[in-house]
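A, B, ... follow the sequence lines: proteins, then strands. Residue 1 opens every chain.
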Number of protein chains: 2
Amino acid sequence: MEEIRETINNINLKFAEAFKRGDAAAVAALYTSDARLLPPEAPMMSGTEAIKAFWQGAMNLGIKEATLESIDVESSGDGLACEIGKFTLNIETPGGEHVAQTGKYIVLWKNDAGVWKLRADIWNTNAPA
Amino acid sequence: MEEIRETINNINLKFAEAFKRGDAAAVAALYTSDARLLPPEAPMMSGTEAIKAFWQGAMNLGIKEATLESIDVESSGDGLACEIGKFTLNIETPGGEHVAQTGKYIVLWKNDAGVWKLRADIWNTNAPA
């Protein structure tokens with residue numbers, strides 16, 4: 001259990017690092033190839049290409065950083081885990097101002113041939129945008 | 001696995017029935033006592049009283065029906081399951097008009113002393129409200 005938590009924390013750091021350098025392909029590679037993404041105010045989507053395009057679009061819209069904080073992980077240790085967490089986005093507005101947006105998420109994690117990957121990812125914000 | 005899917009579908013029907021009759025206490029009773037609710041545009045909350053108050057507030061705001069459609073359940077059959085689904089809300093506006101709002105959710109389910117209950121619940125809408 002402790003090992004899964006640590007693994008998830010490490011992958012969340014990789015997510016944030018890839019995001020910060022604007023590497024949508026590296027972000028998408030952290031998901032399983034059949035992963036589902038459930039973004040706010042958009043339809044459910046799935047698959048690496050759709051997920052990469054979504055995060056590329058978010059980066060293009062000014063989301064510069066996505067910081068993830070895992071607060072609860074439930075797992076039976078058999079290849080599935082469910083994580084509840086909080087996020088902070090650093091968004092650059094068209095005017096060049098930086099604003100923080102906070103929210104929360106649930107990620108279903110799957111051990112995919114020895115590598116833990118995001119199988120499903122949903123989030124929402126704490127306050128209206 | 002098939003049994004868990006059927007159980008979840010049945011509880012989702014109970015959720016919708018309790019919602020339709022405006023019974024927030026019955027909705028809240030479907031969650032574990034320490035469940036986390038992660039509603040859009042609101043902070044994370046937890047516990048039966050907070051969850052009951054949240055759903056009572058949603059009913060008071062005009063949400064008349066919440067229909068749930070399970071589309072994917074992953075479980076190891078050991079007391080935890082993760083469900084991905086879609087919902088439709090039937091909302092009565094202050095002017096008396098009825099509008100439908102669609103969205104998607106992830107629920108972490110836990111077998112709580114023999115009864116499957118919602119342990120964590122997050123959702124968001126497909127389009128801006």
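Remark: side-chain polar atoms of A/Lys104 are paired, donor with acceptor, to backbone N or O of B/Ala42 under 3.5 angstrom.
When all heavy atoms are compared, the tightest approach of B/Ile106 to A/Ala120 is CD1-CB, 3.8 Å. Residues B/Asp72 and A/Arg119 come closest through the heavy atom pair OD2-NH2, 3.1 Å.
Contacts of B/Leu38 with chain A are made by both backbone and side-chain atoms, with heavy-atom separations under 4.5 Å. Heavy-atom distances place the side chain of B/Ile84, and not its backbone, under 4.5 Å from chain A. Interface residue A/Ser75: only backbone heavy atoms are found under 4.5 Å from chain B.
Atom CD of A/Glu92 has more than 12 neighbouring heavy atoms from other residues, nucleotides or ligands inside a 6.0 Å radius. Around the NZ atom of B/Lys117, the shell of radius 6.0 Å holds more than 12 heavy atoms that belong to other residues, nucleotides or ligands.
Heavy-atom pairs under 4.5 Å with chain B were tallied for A/Gly79, A/Gly103, A/Ala127; the largest tally goes to A/Ala127.
Linking ILVMFWY side-chain heavy atoms closer than 4.5 Å, directly or via other members, places A/Leu80 and B/Trp116 in two distinct hydrophobic clusters. Placement of A/Ile51 and A/Leu89 within a single hydrophobic cluster is found when ILVMFWY residues are connected by side-chain heavy-atom separations under 4.5 Å, directly or transitively. Under a hydrophobic clustering in which Ile, Leu, Val, Met, Phe, Trp and Tyr are joined whenever their side-chain heavy atoms come within less than 4.5 Å, directly or via other members, A/Phe87 and A/Val99 fall into the same cluster. The hydrophobic cluster containing A/Val27 also contains A/Val107, counting ILVMFWY residues as joined when their side-chain heavy atoms lie under 4.5 angstrom apart, directly or transitively.
For the atom pair B/Asn126 CG and A/Glu41 CD, the distance stands at 10.0 Å (nearest 0.5 Å). Rounding to the nearest 0.5 Å gives a distance of 9.0 Å between CG of B/Asn124 and CE of A/Met44. B/Ile122 CD1 to A/Tyr105 OH: the interatomic distance, rounded to the nearest 0.5 Å, is 10.0 Å.
By the salt bridge (Lys or Arg N to Asp or Glu O under 4.0 Å) test, A/Glu17 is found to be paired with no residue, residues two or more places apart in sequence or in another chain being considered.
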